[in-house]
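Notes to accompany the following structure.
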There are 2 protein chains.
Amino acid sequence: MTEQPAQTTTAGDPATARGEQTRQLIRDTALRLFRERGYAQTTMRAIAQEAGVAVGNAYYYFGSKDHLIQEFYAQAQIEHRAAAQPVLDREEAFGPRLAGVLHAGIDVLTPSHEFAATFFKTAAEPTSPLSPFSAESSGPREAAIDLFGEVLTGSTAKVDAELRPQLPELLWLAYMGVILYWVHDRSPGQTKTRQLIDGAVPLVDRLVALSRLRVLRPVTRQVLDLIRTLRH
Amino acid sequence: MTEQPAQTTTAGDPATARGEQTRQLIRDTALRLFRERGYAQTTMRAIAQEAGVAVGNAYYYFGSKDHLIQEFYAQAQIEHRAAAQPVLDREEAFGPRLAGVLHAGIDVLTPSHEFAATFFKTAAEPTSPLSPFSAESSGPREAAIDLFGEVLTGSTAKVDAELRPQLPELLWLAYMGVILYWVHDRSPGQTKTRQLIDGAVPLVDRLVALSRLRVLRPVTRQVLDLIRTLRH
DNA sequence: GTCGGTAGTTGAACACGTTCAAGAAGGGCG
DNA sequence: CGCCCTTCTTGAACGTGTTCAACTACCGAC
């Protein structure tokens, strides 16, 4: 609450300084209210009032209510990366690394399960900047794909040479599938999602290993060709 | 436009007669405007005005604007069924039957591509009655699953006995995946989606055939166990 | 210090989805 | 014909996300 005239955050912050505090204040207030009351129940007026600013001020920093969700995205991605670090340090085999990173992602999201469920509708709209496939989301998305790249590069797994460059993105896609399941998961504590991860990872692991077999080469190539055709 | 006091539609219509005409008028007007202007751009006031009724009247028949989408669902499912019939009559092999039914589904949806893209956001919300997984959508959903059941039962394909009962629902799930891709497909005429179908069907076909091999039995069983655990 | 311009801030106003108290229409029954 | 009850219809009013013209705070230039 006390005045903080000097920039105390990391030096060289590229953001223009003046409104940065207000921006963060609005963002933090919004994310807190989203968690407390849910997305639909949190009005822009409530966010503004709670943050002690005018409604229009929130719109100066965030183009719409939806854009506040993108802040949630970015933060979740950062926390996911941090939560995954111990796993990447500890595990060497591909399977445990993948499982660990997937579990870490769900760990991070769990406190926001109810809230996330309601807001994922916005993310699903293709034209929305909130879509995980959109250009506006490319930052967090690429960071996430890189994370799955690390799952791979740090592991002892031997992967088909053609498959390898595609695999991080495919694993990210699988992660999106896990999240889609998680969002719909009404089991207590989302236990089912954990079972999905533990059940699917060994299958993926086996599939990746099989992709190197000579007999399966044609199939592998067929699948990869299809994927290359389909991705943008 | 002329008065039509007597019930001229199929006799024994279970709906209460009085407001049925109004209901259909509102529904048809809404679906037309959705196609013409898009979902977000069509206001409830516009629907009411165009249909010549009061705004509140639309809410007497449809709980919300979203509920009008469910009408679209139902209609699309019926048209899909009809469009699939020739394929089911003509083809015998599993692959062509599946491909034909998938293409028929996209055929039916194509005129509404833009509109569908915007409204799928609502469908993605788990708590929404519009979710394809929701109880309220069980009618169209089960009809769709049955359609894929017909793809299977009418075909000459030999399927693993354990897999068979699960397969229709899995094929429907794959169809949902195709639609998800189609919604995001920005290629002219959604050509990419057609390529997805033509590329993925042979793989599914091969996979289904392989499921019977003794060597792959453990994997098949593992996958089926996982699915059984996960579905509700 | 004063001026000018940019960055930041305000809150009333707008369009929308939705609700609801009030009423109209219709039909069965005496 | 008059009565009552259900079904249907109305449109003003509410709360929401969003916009925007006006205003204020700050900072460098002279």
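So you know, we letter chains A, B, ... as the sequences are listed, proteins then strands, and number each from 1. Here the structure is a predicted model, which means the values were calculated and not measured. FYI, side chains are in, hydrogens and waters are out, and symmetry mates aren't considered; it's all heavy atoms of this structure.
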* **Residues touching DNA chain C, which here means a heavy atom under 4.0 Å, drawn from residues 57-65 of chain A** =>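 A:Asn57, A:Tyr60, A:Tyr61, in order of number.
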Whole-Å distance between [N] [atom2] and [X] [atom1]?
X       : N      : atom1 : atom2 : result
A:Arg23 : C:dT9  : CZ    : P     : 12 Å
B:Gln49 : D:dT10 : CD    : P     : 13 Å
A:Tyr39 : D:dT16 : OH    : C1'   : 12 Å
B:Met44 : D:dG11 : CE    : C1'   : 14 Å
A:Gln41 : D:dG15 : CD    : P     : 16 Å
A:Arg37 : D:dG15 : CZ    : P     : 16 Å
A:Gln21 : D:dC26 : CD    : P     : 12 Å

* Asked: How are the rings of B:Tyr175 and B:Phe148 set to each other: parallel, tilted or perpendicular (split at 30° and 60°)?
  ->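 Judged by the thresholds at 30° and 60°, the geometry between B:Tyr175 and B:Phe148 is tilted.
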* Counting side-chain heavy atoms from C-beta on, which of C:dT10, C:dT18, D:dT9 comes nearest to B:Val55? ->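 The answer is C:dT18, which lies nearest to the side chain.
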* **Below 4.0 Å: OP1/OP2 of C:dA15 and any side-chain N or O of B:Thr43** =>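 Result: no.
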* **Short side-chain N/O contact to C:dT9 OP1/OP2 from A:Thr22, under 4.0 Å** =>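 Answer yes for this pair, as a side-chain N or O of A:Thr22 is under 4.0 Å from OP1 or OP2.
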* Contacts of A:Leu170 that satisfy side chain to side chain contact (heavy atoms under 4.5 Å, CB included) - sequence neighbours left out ->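 Listed in chain order: A:Leu163, A:Gln166, A:Leu167, A:Ile227.
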* Asked: Using the benzene-type ring in the case of Trp, are the ring centres of A:Phe72 and A:Phe34 under 6.0 Å apart?
  ->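 No, the ring centres sit 6.0 Å or more apart.
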* **B:Arg231 atom CZ, neighbour heavy-atom count above 12 within 6.0 Å** =>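 Counting other residues, nucleotides and ligands, CZ of B:Arg231 stays at 12 neighbours or fewer.
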* **Toward the 5' end of DNA chain C, by each residue's nearest nucleotide, A:Arg45 or A:Val53** =>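 Nearer the 5' end of the strand: A:Val53.
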* Indicate yes or no: at least one non-hydrogen side-chain atom of A:Leu68 is less than 4.5 angstrom from one of A:Leu31. =>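 Side-chain contact under 4.5 Å: no.
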* Knowing that exactly one of A:Leu171, A:Ile197, A:Val151 qualifies, which makes a side chain to side chain contact (heavy atoms under 4.5 Å, CB included) with A:Val101? ->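 One option only clears the test, and that one is A:Val151.
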